[in-house]
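First the proteins, then the strands, lettered A, B, ... as listed; each starts at 1.
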Amino acid sequence: MSALQTIKGFADLFEPESTLFTRMEDTARRVFGAYGYKELRIPILEFTELFSRSIGTETDVVQKEMYTFPDRKGRSLTMRPEATAGIMRAYIESGLHGRETVSKLFSFGPMFRYERPQKGRMRQFHQLDCECLGAHEPQADAEVMLMLMFFLKELGLTDLSLELNTLGCRECRPAYKEALTAFFSSLEVDNLCEDCRRRLNTNPLRVLDCKVPACKAMSESAPRLIDHVCGACKDHFDVVIRLMDDRKVPYTLNPRLVRGLDYYMRTTFEVVSTGIGAQGSVAGGGRYDGLVAQLGGPEAPGIGFACGMERLALLLAQQENCAEARPDFYIACLDERAPDVAVAAAETLRSKGLAGEISFAAKGLKGQMRRASSLHVRHCLLLGESELESQTVGIKNMDTGEQVNISLATLGDWAEIRCADKACEHRLGAGAYVSG
RNA sequence: GCGGAUGUAGCUCAGUUGGCAGAGCACCUGGUUGUGGCCCAGGGGGUCGUGGGUUCAAGCCCCAUCAUUCGCCCCA
């Protein structure tokens, strides 16, 4: 343990990862905005009760993964492990439900879960979160999923699969749970893994989700939820599927897809990738019609999803189309008097739209040129003794090796010409990456 | 909470059956070159993650501990 290292599972994000995060946020604002979603920023700390009441007391998240501690007055606070609960709280507390029938909200930021870190899983991780509140219609389910896939496509991610399932509702799920429990109890329960024998009592649906081969084999012939849901749920799901088929968005029906949080019902979905190791699910969500009321709000239905930004970043980093933006200039100071001149010259260049930097200290030519090379700049501006005497600057094109000397007074003109030349290129890091 | 792998120079890593701490890259100085990338010579840099133990002798063997990482679990 040391004051000079990050906490386990907490990371500093430098380039290029930080740029990837910015890109995800920008794309999210643009795409979600096109569907009528408004950005909502919510606190990171909430009263613990908000999470235990919404996520479910029996879930692993609440039981052993939350950062929970008392504040100075002894009230139990928790660093949010997910965003939905906080958005629901804000929705109810603000009275937004009274001013509009449908509310579409998105949010993003850090979440916290005390888990063992591994690839694609941190203790502080980031999620993009969308919630559509006030609509019970299956069209809302379809739109949410279409929006998610559109967002991923806009990021350039296409090699992903959408998995889809329905969980039934409060009316039909209890009967299914009983049927499922009865089914497993009729078999050799001892063949199930230790976890599943426990799940059989707490949450039998999770047995379907188990990855242990023996459990998988046993649940192979288990009764399927889709055959047990009530008429209303069946109708709802049929419309969702028909809409997805109409839009020709590929998906896989996965009867084993079960959400880990208690509040989900009816439509559930998950976006999975094979490219990032064991933590392959990059986004997940579903319908949660009872949640708002359960938290003390009105009877408002809802559907939404959360998207893991670290996992998306892993996929984005694998793409070959990340081209770094090249700075336009580096001013090499070869004389002690040069840095003063360089500060002013650089300001002139930047005011004309060029990007670059200067050496704050005067150093030898060799080191300066190395620095210019490592920065991948297009031009190296040389300020040495002779240039200072004559009030000029040597401009070396780092690609061609050509060098010209121009008067310091005309540096702004040179910059304008350079800018015009490159009018089609992104300026000042506005788009550090070009999509392919 | 459980299991595997890994901690040696600023970075990437070698290090044989236990016997003087190494390479490449990077950095600094000098030389060569018409003003960088090549080449030559030299140089600075290490509590070998940490603490114990075995031994004449430990980077190497044993125990503990911390950290990183990949899985399990769980989840986005």
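Using a 4.0 Å heavy-atom cutoff across all strands shown, A:Arg121 reaches at least one base atom of the nucleic acid. At a threshold of 4.0 angstrom between heavy atoms, the contacts of A:Phe125 include nucleobase atoms, whether or not backbone atoms are also involved. If you check every strand for non-hydrogen atoms under 4.0 Å, A:Gly394 touches nothing.
If you check distances only, the side chain of A:Arg311 does reach the base of B:C75 with a donor-acceptor pair under 3.5 Å.
Pairing for B:G43 goes to B:C27, judged as Watson-Crick or G-U wobble with the two contacts each under 3.5 Å. Nucleotide B:C61 is matched to B:G53 when pairs are restricted to Watson-Crick or G-U wobble geometry with both distances under 3.5 angstrom.
Atom CZ of A:Arg29 is surrounded by more than 12 heavy atoms from other residues, nucleotides or ligands within 6.0 Å. For A:His228, the NE2 atom sits in a packed shell: over 12 heavy atoms of surrounding residues, nucleotides or ligands are nearer than 6.0 Å.
Under the 4.0 Å criterion applied to side-chain N and carboxylate O atoms, A:Glu115 and A:Arg121 are assigned as salt-bridge partners.
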Review point. What string of B, S and - do you get for nucleotides 31-37 of chain B, 5' to 3', if B is base contact, S is sugar-phosphate-only contact and - is no contact with any protein heavy atom under 4.0 Å?
Key: B---BB-
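For the residue pair A:Tyr288 / A:Glu131, a side-chain donor-acceptor distance below 3.5 Å is found, with atom types taken as modelled.
Taking every side-chain heavy atom of A:Gln118 into account, B:G71 is the closest of B:A76, B:C75, B:G71.
Note: A:Phe32 and A:Phe151 have tilted aromatic rings, judged against thresholds of 30 and 60 degrees for the angle between ring planes.
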